[in-house]
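See below for the structure under consideration.
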Amino acid sequence: MNAIDCARVRPRPWHFLLASSALIAAAAGWAWSDRCGEWTATAPRLVASGGGAGELRAGAARAALAPPFPIVVAGYAPPRPEASSAARSLQARALVLEAGNVKVAILSVDLLTVPADVANRVRERVEDLGLSELWLAATHAHSSFGGYDARAVSEIAGTGAFRVEARAAVVEACVRALRSAARAVRPAELEVGEAERPELSRARTGASVDPRITRVRVRAPDAPPIAEMWLLAAHPTLAPRERDALSPDYPGWVEGDDAPVTLVLQGAVGNAAAVAPDGSAEASERFAGAVRGAFHSLSIARVDPVAIAFSRVVFGLPRPDARRLVPAIARGPAENLLCGSAERTAVISVLRLGPLTWIALPLEPTADAARAIEAATGARPIALVGGYLGYVDGAKAVSEGGGESRRQYFGPQLLEAIERAGSLATSALGRR
């Protein structure tokens, strides 16, 4: 082939420009095409309920998580550090409660979230325990390990690249804690107290946070406590973000070496920032001391007799809506990503334990959203239970695109859907 022939076949710059433009157009068309399909939110449906009264029996246990080091640190957007050790052991803590023919379990694990996939795997592994209801809650530590959530949106937004062994480590610890707690069940007494401690948290958006703290102590008669449950609203974001050692943040530091099993549950945590004592690396440990002091000083009273009741409802989620999450130009691709990762239905559960009525939500409610849910249902929201669907903010914040609604994955109908499902659940509870 001569020089003239070579010149004829040599690619011109505009060939590359044309090919690149075509590829970009094709990619844009693919990204912007609506792949969510038809999205119909189904009506709420009661799937389980039960109740029991009489002698209370309880057991509690801990099980250490064994992260597959080195492992990504969850909790923030990329880039994320990788940890090769833990500053303090990460734990799964389980409490099993029985009254009459009802047996419920509440488990708290030192993680950012407990996705529905993980919760379902744990449930399958403990079916033989005969649990009527099982709540798996995350403490929401932003310095624990990730890699356990296979959904693309979670990998991008907070937990890092999925690893089968990371998910297995979470499931194993939860199962061991539940089985050990079930084996330890014995006659018990229930003590409950509630107060307001506004000094523990501040509003990072919105006008206010929920200042209530609730202490539940379970003890064997005339014996040391079996377990405690502490409910508050304060984001565990006190451990330094850039670190090579995992940390459970303050929920994992409140429990002393000789303390009973202590489950930390988050309430209306969506807009509640913990009030850090200082900016040091020990802020989480220092705040844990403040939390410990607040709960230990809270007076509690015995509940007798003890009744336990629960109900569980499945409801349809509204269509994912990225208009508050990303600029308009990226809305289409963002919604496609959400649709590819999001469940179309969710489960909420209501639990009545003596004088307490709690509603478990698989997301982070703000104080405004929690007030609306509590007004509609009569139940106090418990966040981050049995799944993770992002945030839910109050109606005003959503309509204005402000507050924590900028982190809400689903449309403005989400709060109303939760209220309807919660009302059905609590009405079923009332018939027990």
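Index from 1, following the sequence.
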Determine whether a donor-acceptor pair (N or O, by modelled atom type, separation under 3.5 Å) exists between the side chain of [X] and the backbone of [Y].
| X | Y | answer |
| --- | --- | --- |
| Thr262 | Glu228 | no |
| Asn271 | Ser208 | yes |
| Arg163 | Pro68 | yes |
| His142 | Leu112 | no |

Charged N to carboxylate O under 4.0 angstrom, [X] versus [Y]?
| X | Y | answer |
| --- | --- | --- |
| Glu343 | Arg151 | yes |
| Arg302 | Glu189 | yes |
| Glu335 | Arg331 | yes |
| Glu255 | Arg292 | no |
| Arg93 | Asp110 | yes |
| Arg407 | Glu404 | yes |

Output the distance between atom [atom1] ([X]) and atom [atom2] ([Y]), rounded to the nearest 0.5 Å.
| X | Y | atom1 | atom2 | answer |
| --- | --- | --- | --- | --- |
| Ile300 | Leu190 | CD1 | CG | 9.0 Å |
| Glu98 | Ile308 | CD | CD1 | 8.5 Å |
| Ile373 | Arg371 | CD1 | CZ | 11.5 Å |

Does atom CZ (Arg241) have a neighbourhood of more than 12 heavy atoms from anything else shown, all under 6.0 Å?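 Atom CZ in Arg241 is crowded, with more than 12 foreign heavy atoms closer than 6.0 Å.
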Does the side chain of [X] come under 3.5 Å of the side chain of [Y] through a donor N or O and an acceptor N or O?
| X | Y | result |
| --- | --- | --- |
| Ser84 | Glu82 | no |
| Arg420 | Ser423 | no |
| Thr237 | Tyr76 | no |

Sorted by first residue and then second, give each side-chain hydrogen bond (donor to acceptor under 3.5 Å, both in side chains) pair with at least one member in residues 373-397; sequence neighbours left out. Glu194-Arg380, Arg204-Tyr391, Arg212-Glu374, Thr214-Arg380, Glu364-Tyr388, Glu364-Tyr391, Thr366-Asp393, Lys396-Glu400
Side chain to side chain contact (heavy atoms under 4.5 Å, CB included) partner of Leu136, chosen from Val385, Leu107, Leu111, Leu384: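 Of the listed options, the one satisfying the test is Leu107.
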Using the ring of Trp253 (Phe, Tyr or Trp, six-membered ring only), decide whether Arg88 places NZ or CZ under 6.0 Å from its centre and within 45 degrees of its axis. yes
Over 60° means perpendicular and under 30° means parallel, so classify the ring planes of Trp230 and Phe295, tilted if in between.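 Because their plane-to-plane angle is under 30°, the rings of Phe295 and Trp230 count as parallel.
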Identify the heavy atoms of Val392 and Ala369 that sit nearest to each other, and give their distance.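 Smallest heavy-atom distance, with atoms named: O-CB, 3.3 Å.
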Among Arg121, Arg125, Arg179, whose salt bridge (Lys or Arg N to Asp or Glu O under 4.0 Å) with Glu172 holds? Arg125
